Number of protein chains: 2
Amino acid sequence: MEIWKGGVISNQIKEQAESELSGLARVPRLAIIRVGERPDDVSYERGAVKKLQSFGLEVESHVFEEGISDGAFREEFCRINADPQTDGILVLRPLPKQLDEHWVEETIDPRKDVDGISPVNIAKVFSGDRTGFAPCTAEAVLWMLKGNGISLEGKRAVVVGRSMVVGRPLSMLLLHENATVTICHSRTKDLPAVCRGAEILVACVGKARMIGRDYVGEGALVVDVGINVDQEGRLCGDVDFASLEGRAAAATPVPGGVGGVTTAVLALHLIRAARQA
Amino acid sequence: MEIWKGGVISNQIKEQAESELSGLARVPRLAIIRVGERPDDVSYERGAVKKLQSFGLEVESHVFEEGISDGAFREEFCRINADPQTDGILVLRPLPKQLDEHWVEETIDPRKDVDGISPVNIAKVFSGDRTGFAPCTAEAVLWMLKGNGISLEGKRAVVVGRSMVVGRPLSMLLLHENATVTICHSRTKDLPAVCRGAEILVACVGKARMIGRDYVGEGALVVDVGINVDQEGRLCGDVDFASLEGRAAAATPVPGGVGGVTTAVLALHLIRAARQA
């Protein structure tokens, strides 16, 4: 079984980023908005900052107290959203309950919305309009496949998970590449059988090692989007990676797989936002 | 094989429409915008006017010459869009080439966009937010299934066709009902085999009688969205209806199937738009 590492794809994206970066008068700047100190957020932010800086980009973190009022948060958000020095905005979510996430989605400038949360970008992903921004994780899966030389044309792709961050937008991206796409979820009957029919299997469910050998057809390509912590406290994906040996043709590890590609896509989106500004 | 007629479902929708209509101070009004005299448009408009009037609703047709300039059309469109007496707007498409359809999608008031063409409504359909308007035809398929007592929970649904008017939004509507959804299209390999795996098969490809018996599994429910004219000049669907006898458990005819349900859904959307105004 081939192991598809994220680093290889990140480097491909970096090359493209460097060529798109040249000619820009100013270094693009990302604003990361974080409320509170959730370990997931802090860890994702750390990875994103590191990756963006390695791409020669600027990041400014805006950290607010977990208890910030909706009014105060809106004021701060509007200020960042309107700042002409800010090319892209990444909001770490979910936000605490007192804040109106829906308001954020509606308010964020679609041209700065580098992680594709605004209705304008959602509609563009749905309709196949490539001038918008897809959620970085969904696009990272596409990079992982195409960067490893896989054509999606006519392929049977099965996506397990239907979130707005990965499953649904990814299904649309795969469809635009002319794959035949099946979207599965917790209510799908006989999930292993449906998954075994996939030439390309993408797991984005958020359950540690749920997708084992009996979910994988002979020669399948398996992309693992999950980032979970198992009972022993170790980082792991949605896929039981070790069990796929001799069955899958290729699979992505966790850690070391899609995660790093996601932040590389974020960097690429930031550069595009700056170019379009 | 059971024959699912559109009239039965239209009557169910009419009952719901009547209860939602009561208590409104004014009769809801739909503006239909048609450019030129394409027979398809004229025929659809005639059906829509008849259906809406039978629901006790008002329709105003705005007909423009096929050669109208983009500037003149925009001016007229903005006037209709801003008219407080207009509760809903239906634009017959495609528009002639000199007119910017994309501008119409961006400009139409999402609250009056009863056929779901604006990015706001597209994003709502994608995210499962039921405050928006789905394209009427896509929603009509759901009514056809649910109105015949079919639960979609956990069902294997296959949608053949990926247009923005039916295939893609319908896939999302089916997904929100917890079906396992496969989206097929012209590049799908071995389409008959994929279709035979469906418990619910929806054809929206626009090819006369393309879906024959070998595409249909034993006991499948088949919904035909196609409206085509065959070589003898007769109206027919995407499904070779006669060939399904003894194979499908139920199917919708063309004419007499989904078409009439679509205009009933349009009526329901208009009433909801008026209620929300």
Side-chain angles (χ1 to χ4, degrees), chain A residues 101-102 105-106 110 113 116-129 131-132 134-135 138 151-165 167-169 171-191 193-195 197-199, chain B residues 101-102 105-106 110 113 116-129 131-132 134-135 138 151-165 167-169 171-191 193-195 197-199:
Chain A
E101 225 170 88
H102 192 65
E105 293 164 6
E106 304 261 298
D113 173 30
I117 66 170
S118 89
V120 171
N121 284 312
I122 290 169
K124 284 185 174 179
V125 167
F126 195 52
S127 61
D129 178 340
T131 65
S151 158
L152 294 158
E153 180 89 19
K155 289 281 192 332
R156 291 188 311 276
V158 173
V159 176
V160 189
R162 54 175 163 177
S163 74
M164 279 298 280
V165 179
R168 266 176 276 173
S171 299
M172 290 300 124
L173 297 180
L174 291 167
L175 188 66
H176 302 322
E177 298 286 334
N178 294 326
T180 297
V181 182
T182 299
I183 318 176
C184 300
H185 43 80
S186 55
R187 313 295 181 89
T188 294
K189 283 186 193 151
D190 199 358
L191 184 59
V194 177
C195 290
E199 294 170 282
Chain B
E101 225 171 88
H102 192 65
E105 293 162 5
E106 305 261 295
D113 173 30
I117 67 170
S118 88
V120 170
N121 284 313
I122 291 170
K124 284 184 173 179
V125 168
F126 195 52
S127 61
D129 177 340
T131 66
S151 158
L152 294 159
E153 180 90 21
K155 289 281 192 332
R156 292 187 310 277
V158 173
V159 177
V160 189
R162 53 175 164 177
S163 73
M164 280 299 279
V165 179
R168 268 178 273 173
S171 300
M172 290 299 123
L173 297 179
L174 292 167
L175 188 66
H176 302 323
E177 298 286 332
N178 294 324
T180 298
V181 182
T182 299
I183 318 175
C184 300
H185 43 79
S186 55
R187 313 296 181 89
T188 293
K189 284 186 192 150
D190 200 359
L191 183 60
V194 177
C195 290
E199 294 171 283

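Everything quoted here is computed from the prediction, not taken from an experiment. Convention: sequence-line order gives letters A, B, ...; per-chain numbering from 1.
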**Student:** Select, from B/Asp129, B/Val120, B/Thr188, B/Asn121, the one with the greatest count of heavy-atom pairs under 4.5 Å involving chain A.
**Tutor:** B/Thr188

**Student:** Any residues in residues 151-160 of chain B near chain A, with a heavy-atom distance under 4.5 Å, and which are they?
**Tutor:** B/Glu153, B/Gly154

**Student:** Do B/Phe126 and A/Pro169 have side-chain heavy atoms sitting under 4.5 Å apart?
**Tutor:**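 A side-chain contact exists here, since the closest heavy-atom pair is under 4.5 Å.
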
**Student:** Taking all non-hydrogen atoms of both residues into account, name the closest pair between B/His185 and A/Asn178 and its distance.
**Tutor:**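 Result for this residue pair: CE1-O, 3.3 Å.
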
**Student:** Less than 4.5 Å to any heavy atom of chain A: does that hold for the side chain of B/Arg168, its backbone, both, or neither?
**Tutor:** both

**Student:** How long is the straight-line distance from CD1 of A/Ile183 back to CE of B/Met172, given to the nearest 0.5 Å?
**Tutor:** 4.0 Å

**Student:** Output every pair passing salt bridge (charged side-chain N to carboxylate O under 4.0 Å, His left out) with a member in residues 171-181 of chain A, not counting sequence neighbours, ordered by first then second residue.
**Tutor:** A/Arg130-A/Glu177, A/Lys146-A/Glu177

**Student:** Kindly give the heavy-atom pair with the smallest separation between A/Leu175 and B/Arg162, and that separation in Å.
**Tutor:**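 Residues A/Leu175 and B/Arg162, closest heavy atoms: O-NH1, 2.8 Å.
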
**Student:** If you look at every heavy atom in A/Cys184 and B/Thr180, which pair is closest and at what distance?
**Tutor:**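 A/Cys184 and B/Thr180 have their closest heavy atoms at SG-CG2, 4.1 Å.
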
